[in-house]
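Take a look at the structure set out below.
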Amino acid sequence: MTKLNIFLVRHGQTYFNIYNKLQGWSNSPLTQQGREDAQRVGQRLKDIHFDAAFCSDLTRAVETCQTILNVNEADSVVRPRTTPDLREEFYGVFEGTNMSLAWEMAGLPHGYKTFKDIVTDYSINQAKDWLKEADPFHDAENSQEYWERLDRGLATIRQADLPDEANVLLVSHGNTCLSLIERFGEGKYDITERPANGSLSKLVMTDDDIKVITYNE
């Protein structure tokens with residue numbers, strides 16, 4: 001059984017992060033702080049040899065991932081592999097909406113006003129399902145649609161023909177980092193708050209499981 005060491009990084013700060021907007025599949029550029037976030041985590045990882053690097057095809061993830069590889073000094077791969085299967089959750093009509101307002105619209109029909117309240121009493125998956133219900137176009141991804149897509153992205157990593165104990169860089173998004181930690185973290189971590197931009201988590205991926213080692217460092 002092959003074991004992969006996954007270094008999971010949330011992309012650097014974007015303008016939508018500053019404005020508290022849901023980004024999803026929308027492309028919002030990195031701010032100067034966001035580029036510094038990428039440089040900072042790159043310096044933390046510069047001595048790690050990465051056998052592979054993966055990220056979504058959204059520009060904030062690609063730029064963050066490429067920055068980390070550019071400053072690496074351990075003879076790592078020089079380019080990430082990108083795929084839409086590793087994108088953030090698609091928020092449908094709520095793309096670009098104030099985050100607090102969007103989750104209030106999703107939760108109020110069920111007696112909840114915030115993402116944190118929904119996740120505390122239910123789960124991130126429930127928040128996804130309620131957001132799709134609240135979308136008049138029903139284009140937002142529910143939990144089943146989201147995980148079917150993301151599982152394809154994770155399968156891309158598993159099927160990459162990497163050696164046992166390979167180090168893999170994975171640059172992802174806030175909700176996706178949280179979703180992975182909720183699903184595989186065995187309830188050990190606080191998933192009511194988003195990880196910081198440029199934060200690092202460590203996971204171990206095997207053929208049939210993922211284990212969280214650290215979160216939001």
[X]/[Y] ion pair, N-O < 4.0 Å:
{"X": "Asp207", "Y": "Arg158", "result": "no"}
{"X": "Arg40", "Y": "Asp37", "result": "yes"}
{"X": "Lys116", "Y": "Glu193", "result": "yes"}

Inset, instruction - Might you point out which heavy atoms bring Gly24 and Glu88 nearest each other, and give the distance in Å? - result: O-CB, 3.6 Å
Close side-chain approach of [X] and [Y], heavy atoms under 4.5 Å:
{"X": "Val9", "Y": "Leu170", "answer": "no"}
{"X": "Lys132", "Y": "Glu141", "answer": "no"}
{"X": "Leu178", "Y": "Glu89", "answer": "no"}
{"X": "Arg81", "Y": "Thr156", "answer": "no"}
{"X": "Leu154", "Y": "Met205", "answer": "yes"}
{"X": "Asp117", "Y": "Trp103", "answer": "no"}
{"X": "Gln13", "Y": "Ile18", "answer": "yes"}
{"X": "Tyr15", "Y": "Lys21", "answer": "no"}

Legend entry - Counterpart residues, ring pair (Phe, Tyr, Trp, His ring centres under 6.0 Å), relative to His138 (two or more places apart):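 His138 satisfies ring pair (Phe, Tyr, Trp, His ring centres under 6.0 Å) with no residue once adjacent residues are dropped.
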Inset, instruction - Hey, could you give me each pair passing ring-ring contact (aromatic ring centres under 6.0 Å, His included) that has a residue in residues 40-75? Not counting sequence neighbours. - result: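 Sorted result for residues 40-75: Phe7-Phe50.
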Between [X] and [Y]: side-chain donor-acceptor atoms closer than 3.5 Å:
{"X": "Thr176", "Y": "Tyr146", "result": "yes"}
{"X": "Glu148", "Y": "Gln144", "result": "yes"}
{"X": "Glu133", "Y": "His110", "result": "yes"}

Legend entry - Given Ile68, Val62, Leu86, the one that forms side chain to side chain contact (heavy atoms under 4.5 Å, CB included) with Cys55: Val62
Legend entry - Steps toward side-chain contact (heavy atoms from CB on, under 4.5 Å) verdict (Asn197, Arg60): CA-CA 11 Å; Asn197 292 110; Arg60 59 192 184 274; over 6 Å; no
Legend entry - Heavy-atom donor-acceptor pair, Arg10 side chain to Pro195 backbone, under 3.5 Å: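 Yes, because the side chain of Arg10 sits within donor-acceptor range (under 3.5 Å) of the backbone of Pro195.
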Inset, instruction - Show your reasoning for whether side-chain contact (heavy atoms from CB on, under 4.5 Å) applies to Arg35 and Thr67. - result: CA-CA 8 Å; Arg35 292 188 288 273; Thr67 297; over 6 Å; no
Inset, instruction - Evaluate the side chain to side chain donor-acceptor pair (under 3.5 Å) criterion for residues Gln39 and Gln43: first the C-alpha distance (whole Å), next the side-chain angles of each, then the deciding distance (0.1 Å), finally the verdict. - result: CA-CA 6 Å; Gln39 286 283 343; Gln43 287 299 317; 4.6 Å; no
Please tell me whether [X] and [Y] are part of a single hydrophobic cluster in this structure, the criterion being side-chain heavy atoms less than 4.5 Å apart.
{"X": "Ile181", "Y": "Trp147", "answer": "yes"}
{"X": "Leu69", "Y": "Leu200", "answer": "yes"}
{"X": "Leu169", "Y": "Val77", "answer": "yes"}

Legend entry - Ser123, Ser179, Ser143 screened by side-chain hydrogen bond (donor to acceptor under 3.5 Å, both in side chains) with Lys128, the one that passes: Ser179
